[in-house]
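These notes are about the structure you will find just below.
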Amino acid sequence: MVSTPLYIRATPTPDVRSQPGADTRNRQLRDLRISVTDRCNFRCVYCMPKEIFGKDFTFLPRAELLTFEEIARIARIAVAHGVEKIRLTGGEPLLRKGLEELVRMLAALKTPDGGDIDIALTTNAAALIAKAQPLREAGLKRVTVSLDSLDEATFKAMNEVDFPVAKVLQGIEAAHDVGLGPIKINMVVKRGRNDQEIVAMARHFKGSPYILRFIEFMDVGTTNGWKMAEVVPSAEVISRINAELPLEEVAPNYPGETTVRWRYRDGSGEIGVISSVTQSFCHSCTRVRISTEGQLYTCLFATQGHNLRALMRGGCSDQQLSTEMVGIWQERTDHYSELRTAMTQQPSSTGGKKIEMSYIGG
Ligand code: SAM
Ligand code: SF4
Ligand code: SF4
């Protein structure tokens, strides 16, 4: 195995696995997230702050990106070992040229019992009007669209590139029209920036075919200046909405779902909250991530990945790649959010520089 250490080794945890193939905390591999580019046409304040990702910022050269063939090879092996859902992300995945071709390659994969893979995409929707149809034809099943406000000034102050709300809404509609649903809308809530928009967003999407989800501002990477004071806990989000639009909690769709679901008492749909800061869900985390340049990460907050690109470009066989990937999963100990919670919600020390969201995807 490539001997890149797993992070958070300083916190030994008991090995509680009881199922074959599980990691040390008895979690199975189910989801694969692939970042297809580190570039983005937005500069969201919580992800790629323009002061850091300015015009002098050096993005990865093309040769360092995984090719579609390399991505599909990793995905095929991951699917053979339990992955049922693949999400394409970034950076902004729609900026990767020919993305439909990758979707076509991934859509051809089957689970060991012959089932289809659920292929989804997270996007800022800037290019969705043009891309929805070809992506759907290539085999994409669903999209999640990020939208942090309906108020023009607030949204522009979040994306920092003057991108208008209306174009995102048109992108969402285009995706809906071609059947890329159910569409989820992600709103990252940052106190003092867009939290005044919570109820307006809920009102707008209530009764629509779209499921709005509120995401707590997370301490991913090291450049977004995260402070606990700027996190709006999901409990507060729910209480603010409930005061005007009464809600009740709904049972999860499946065990370990990261989104907690709530529905409007008047029957006009549901919303979700993702409380990665205030209510960690590490105990049920079944995700592995592949960064743009082919590092495998077993946690969003990792400081170190496992270089699959080097293995592949060094000529490893499928069997070697498979042994490597399975070994990494089975050694996995990650539980960063639990540690952060235990430290009263200070960023937990991982003994290194955490990977940026734009390299690893959400
Ligand atoms: N560019 C695409 C987009 O924005 O949808 C895909 C990549 S983006 C990194 C994936 C998701 O991560 C988005 O929904 C984004 O809002 C979320 N995200 C980025 N930085 C975050 C942070 N610091 N805390 C919480 N969510 C974050
Ligand atoms: Fe770009 Fe998505 Fe990050 Fe915003 S959240 S800067 S759209 S990668
Ligand atoms: Fe999974 Fe890491 Fe997030 Fe915990 S902190 S839920 S282990 S990605």
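Whatever order the structure lists them in is the order used to number ligands and atoms, beginning at 1.
- Look at Cys282 and atom 4 (Fe) of ligand 3: an N/O/S atom of the residue is under 2.8 Å from the metal.
- Put simply, OG1 on Thr298 and CG on Asp334 are 3.5 Å apart, with the number rounded to the nearest 0.5 Å.
- Only the side chain of Cys40 comes within 4.0 Å of ligand 2, counting heavy atoms alone; its backbone N, CA, C and O stay farther away.
- Those atoms of ligand 1 that come under 4.0 Å of a heavy atom in Gly90, given as number and element, are 7 (C), 9 (C).
- Near Ser337, meaning under 4.0 Å from any of its heavy atoms, are these atoms of ligand 3: 5 (S).
- Within the listing of ligand 2, atoms 4 (Fe), 5 (S), 6 (S), 7 (S) sit less than 4.0 angstrom from a heavy atom of Cys44.
- Distances shorter than 4.0 angstrom do not occur between any heavy atom of Arg287 and any atom of ligand 3.
- Judged by distance alone, with hydrogens and angles left aside, the side-chain atoms of Asp31 form no donor-acceptor pair with the main-chain N or O of Lys85 at under 3.5 Å.
- Heavy atoms from both the backbone and the side chain of Thr122 come within less than 4.0 Å of ligand 1.
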**Request:** Please report the C-alpha distance between Arg289 and Thr89 in whole Å, then the side-chain angles of each, then the deciding distance to 0.1 Å, and finally whether the side chain to side chain donor-acceptor pair (under 3.5 Å) criterion is met.
**Result:** CA-CA 10 Å; Arg289 295 175 156 86; Thr89 175; over 6 Å; no
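- Counting only non-hydrogen atoms, the option in Ala126, Cys47, Pro49 that gets closest to atom 3 (Fe) of ligand 2 is Cys47.
- Cation-pi contact between Lys190 and Phe217: present, with separation from the ring centre below 6.0 Å and deviation from the ring axis of at most 45°.
- Heavy-atom proximity to Phe217, at under 4.0 Å, picks out these atoms of ligand 1: 23 (N), 24 (N).
- Although no hydrogens or angles enter the test, the distance criterion places a donor-acceptor pair under 3.5 Å between the side chain of Gln320 and the main chain of Ser317.
- Between the Arg27 side chain and the Thr24 main chain, no donor and acceptor come within less than 3.5 Å of each other.
- When each of Thr258, Leu32, Leu300 is paired with Arg287, the side chain to side chain contact (heavy atoms under 4.5 Å, CB included) condition holds for Thr258 and for no other.
- Thr37 contributes no side-chain N or O that, together with a main-chain N or O of Gly91, makes up a donor-acceptor pair within less than 3.5 Å.
- Heavy-atom proximity to Asp334, at under 4.0 Å, picks out these atoms of ligand 3: 7 (S).
- Ligand-side atoms of ligand 1 in range of Thr89: 6 (C), 7 (C), range being under 4.0 angstrom from any heavy atom.
- Neither the backbone nor the side chain of Met218 comes within 4.0 Å of ligand 3, counting heavy atoms alone.
- Within the listing of ligand 3, atoms 8 (S) sit less than 4.0 angstrom from a heavy atom of Arg289.
- Looking at ligand 1, you'll find an N or O of Asn224 within less than 3.5 Å of one of its N or O atoms.
- Of the candidates Glu236, Gln196, Glu230, Glu236 is the only one forming a side-chain hydrogen bond (donor to acceptor under 3.5 Å, both in side chains) with Arg191.
- The N/O atoms of Glu92, backbone and side chain alike, include one that comes under 3.5 Å of an N/O atom in ligand 1.
- Of all atoms in ligand 3, numbered sequentially from 1 with element shown, those under 4.0 Å from a heavy atom of Tyr336 are 5 (S).
- Atoms OG and CD, on Ser291 and Glu356 in that order, are 12.5 Å from each other to the nearest 0.5 Å.
- Against a heavy-atom cut-off of under 4.0 Å, Asn124 is close to the following atoms of ligand 1: 2 (C), 3 (C), 5 (O).
- Ligand 1 places these atoms under 4.0 Å from at least one heavy atom of Val220: 22 (C), 23 (N).
- Within the listing of ligand 2, atoms 7 (S) sit less than 4.0 angstrom from a heavy atom of Asn124.
- Close contacts between ligand 3 and Phe281 involve ligand atoms 6 (S) [criterion: under 4.0 Å to a heavy atom].
- By the 3.5 Å distance cut-off applied to N or O atoms, Gly91 is counted among the residues near ligand 1.
- Side-chain contact, Ser234 with Gln279: no donor N or O sits under 3.5 Å from an acceptor N or O.
- Judged by the 6.0 Å and 45° rule, Arg39 forms no cation-pi pair with Phe53.
- Considering each of Cys285, Cys299, Ser280, the one bringing a non-hydrogen atom nearest atom 6 (S) of ligand 3 is Cys285.
- For the ligand labelled ligand 1, residue Glu216 lies inside the 4.0 Å heavy-atom shell.
- Of the options Asn194, Asp148, Asn224, a side-chain hydrogen bond (donor to acceptor under 3.5 Å, both in side chains) to Tyr46 is made by Asp148 and by none of the others.
- Taking the ring axis of Tyr210 as reference, the NZ or CZ atom of Lys184 does not stay both within 45° of it and closer than 6.0 Å to the ring centre.
- In terms of polar-atom proximity, Asp148 is not counted as a contact of ligand 1, lacking any N or O under 3.5 Å from an N or O of the ligand.
- Residue Ser146 places no heavy atom under 4.0 Å from ligand 2.
- For ligand 3, the atoms lying closer than 4.0 Å to a non-hydrogen atom of Phe301 are 5 (S).
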**Message:** Walk me through whether His306 and Met325 qualify under side-chain contact (heavy atoms from CB on, under 4.5 Å).
**Reply:** CA-CA 9 Å; His306 303 262; Met325 287 168 61; over 6 Å; no
